[in-house]
Trainee: 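Have a look at this one.
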Amino acid sequence: MPGGSVSISVRGARRVYPVKGGTDLIALDDVDLTVPAGSFVSVIGPSGCGKSTLLRLVAGLEDADRGDVRVCGVRPAEAAAAKMLGLVPQAPALLPWLTVLKNVTLPLRVNRAASRRRASAPGPSMEELLRKAGLQDAMHKLPSQLSGGMQQRTAIVRAFGLRPDVLLMDEPFSALDEFTRESLQEQLLDLWDELKATVLFVTHSVSEAVRLSDKIVVMAPRPGRITDIIDVHLPRPRGAELLKTPEFHHYEDLVRDRLRGAFQANAA
Amino acid sequence: MNAAEDVLTVTEPEPELIVAPPVRRPMWRPGLGFLHPRMWLPLVLMLAVLATLWTWGAHSMPYLLPPLGDIGDTLREDADYYVNNAWVTLKEALMGLGLGLVAAFVLAVITSEFPLARRAIMPVAVILNVTPLVAIAPALVVAFGFGAAPKLIVTGLICFFPILINTSMGLRAVPQPVLQVYRTVNASRLETLWYIRIPMAMPYLFAALRIVFPLSVVGAVVAELSAAGSSEGLGTAISLASSMNRLAAVYASIAILALLGSVLLLLVTALERRVLHWHESRQGNGG
């Protein structure tokens, strides 16, 4: 059922990186994951657990050695060709010679055939999206004139502006200070609420995962695998107040416990 | 949702609001600051010292250095002769530069897009680069005669290598995350080249051009000197004057060559400032 209620489906995915003169690194071993359309799913785990590899498989930047990856029923490469994906990498990855506005509109100008096919859904323009992200005064500035937080917001607007079916985010806030990070989480949830994409969000912050997600996927390293999937039943919208509630702390503790479990199972 | 948005704008963390103003400090701005003695006095003093040393040298060793006055006289009396020859040399230099630029840029794109081509072309380019051009020039004169052709080729060759190396490095200097973002929207190779790789290579290209613009004059003069039968150009003027022991005329040509090189350097710097206004090196330390 292409484009049905399942946005991302990973079946028995395995990915091995050959290591020169050593045992090969099994980045992903027999990983299954189903992400329902329109949901916000975080992937959390210690470094080397394959969470970024999983994201790259879904983005079509790498191919699985075994298993099957589908985005809205099609292969990731086909999804990319149809412009169904949006990627927010760890670094903002802006082009330093383009203004903020030109940076966020360039992805619309490449692969135009697919853009034309998708142009059906009317929605907020890029200028509006930038305004919503608090970048109205930065539109005609160069990235080097912005703070790190504003650069990352630009990168998020660039991805959302494509109106992707699936938004892939690889630790997008990890280089920011805590204060900036919390404000960006809030803005991300706002944009997501409005534009309704499916989000796969890789992070190593427990509170970030709890705040943002409907579902948290816990992974463990050597070999990279999924050890737990936690449903987060917290009301939305999740404002700054929620972070102080006992329910929020309950989920944080739960995720921490499961992460520790994943570590210990690995050490044993 | 509106309420949440309002709260959002209010609770925006302060570090986000403090945006450094676009500080742009050009290396020298054409304002009044340039007139301050601290800016021009050191250079003027240095020139005065050099002129004094020269005059003293010319006085005590007349076979080594001509008096500055003689050089000035020569330039004034034969102004047309020098302007014409300077124009010829400048034309050769710029046309050779254009030739080398186009060839090097095209090859840089090819070698950065196709690793196989890189492995074939780069070693040849390196060998060409380490071969002394002064040695190639006479051979080219034999092959192409005393016209413009060998001069353009020598100049082109001298400009070719720095442009090729720098541009091909710049074309491949695009950070992985940028490429990944544009791969997930399936940007074609041509789009990636045009929108991302070529602009990314511009600072690298200009670093090469700053070397190569003045160097193009060297190429043109070397070729002129090698073609003993040439009729025009400052290189020809130099070999002619030196064969007749007219030292003042030799130095007059040399002075014009130095001037040409400086003008070309100024030209490329101005061009760079326009094209690379976004680049860090153009925006002062803080920007």
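All chains are named by letter (A, B, ...) in the order of the sequence lines, taking the proteins before the strands, and each is independently numbered beginning at 1. Both backbone and side-chain heavy atoms feed into the values below; hydrogens, waters and symmetry mates do not. As the structure is a computational prediction, the values presented were derived from the model and not from experiment.
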Trainee: How about CE on B:Met95, more than 12 heavy atoms from neighbouring residues, nucleotides or ligands closer than 6.0 Å, or not?
Mentor: no

Trainee: Within a strict 4.5 Å, meaning less than it, do heavy atoms of the A:Arg109 and B:Tyr195 side chains meet?
Mentor: yes

Trainee: More than 12 foreign heavy atoms under 6.0 Å from CD of A:Glu128: is that the case here?
Mentor: yes

Trainee: Mind running side-chain contact (heavy atoms from CB on, under 4.5 Å) on A:Lys83 and B:Asn186 for me, showing each step along the way?
Mentor: CA-CA 7 Å; A:Lys83 280 198 164 175; B:Asn186 214 34; 5.9 Å; no

Trainee: Can you tell me how far apart CE (B:Met200) and CG (A:Leu95) are? Round to the nearest 0.5 Å.
Mentor: 6.5 Å

Trainee: If we define contacts as heavy-atom pairs under 4.5 Å, which of B:Val185, B:Val178, B:Ile196 has the most with chain A?
Mentor: B:Val185

Trainee: Just checking A:Arg75: does its CZ atom have more than 12 heavy atoms from other residues, nucleotides or ligands closer to it than 6.0 angstrom?
Mentor: no

Trainee: Does any non-hydrogen side-chain atom of A:Leu106 lie less than 4.5 Å from one of B:Tyr182?
Mentor: yes

Trainee: Check B:Arg183 against A:Ala80 and note the closest heavy-atom contact, atom names and distance.
Mentor: O-CB, 4.0 Å

Trainee: Should the heavy atoms of other residues, nucleotides or ligands under 6.0 Å from CG of B:Leu41 be counted, would the total exceed 12?
Mentor: yes

Trainee: Which atoms of A:Arg158 are under 4.5 Å from chain B, going by heavy atoms: the side chain, the backbone, both sets, or neither?
Mentor: side chain

Trainee: Below 4.5 Å, heavy-atom pairs only: which of A:Ala159, A:Pro143, A:Ala91, A:Pro107 has the largest tally toward chain B?
Mentor: A:Pro107

Trainee: What part of A:Leu162 gets within 4.5 angstrom of chain B, counting heavy atoms only: side chain, backbone, both, or neither?
Mentor: side chain

Trainee: Does any non-hydrogen side-chain atom of B:Gln180 lie less than 4.5 Å from one of A:Arg56?
Mentor: yes

Trainee: Just checking A:Asp68: does its CG atom have more than 12 heavy atoms from other residues, nucleotides or ligands closer to it than 6.0 angstrom?
Mentor: yes

Trainee: Any side-chain heavy atom of A:Pro89 sitting closer than 4.5 Å to one from B:Val181?
Mentor: yes

Trainee: Side chain, backbone, both or neither: which part of A:Leu61 has a heavy atom under 4.5 Å from chain B?
Mentor: both

Trainee: Heavy-atom distance under 4.5 Å to chain A: side chain of B:Pro199, backbone, both or neither?
Mentor: both

Trainee: So among A:Val58, A:Leu87, A:Val166, which one has a side chain to side chain contact (heavy atoms under 4.5 Å, CB included) with B:Thr184?
Mentor: A:Leu87

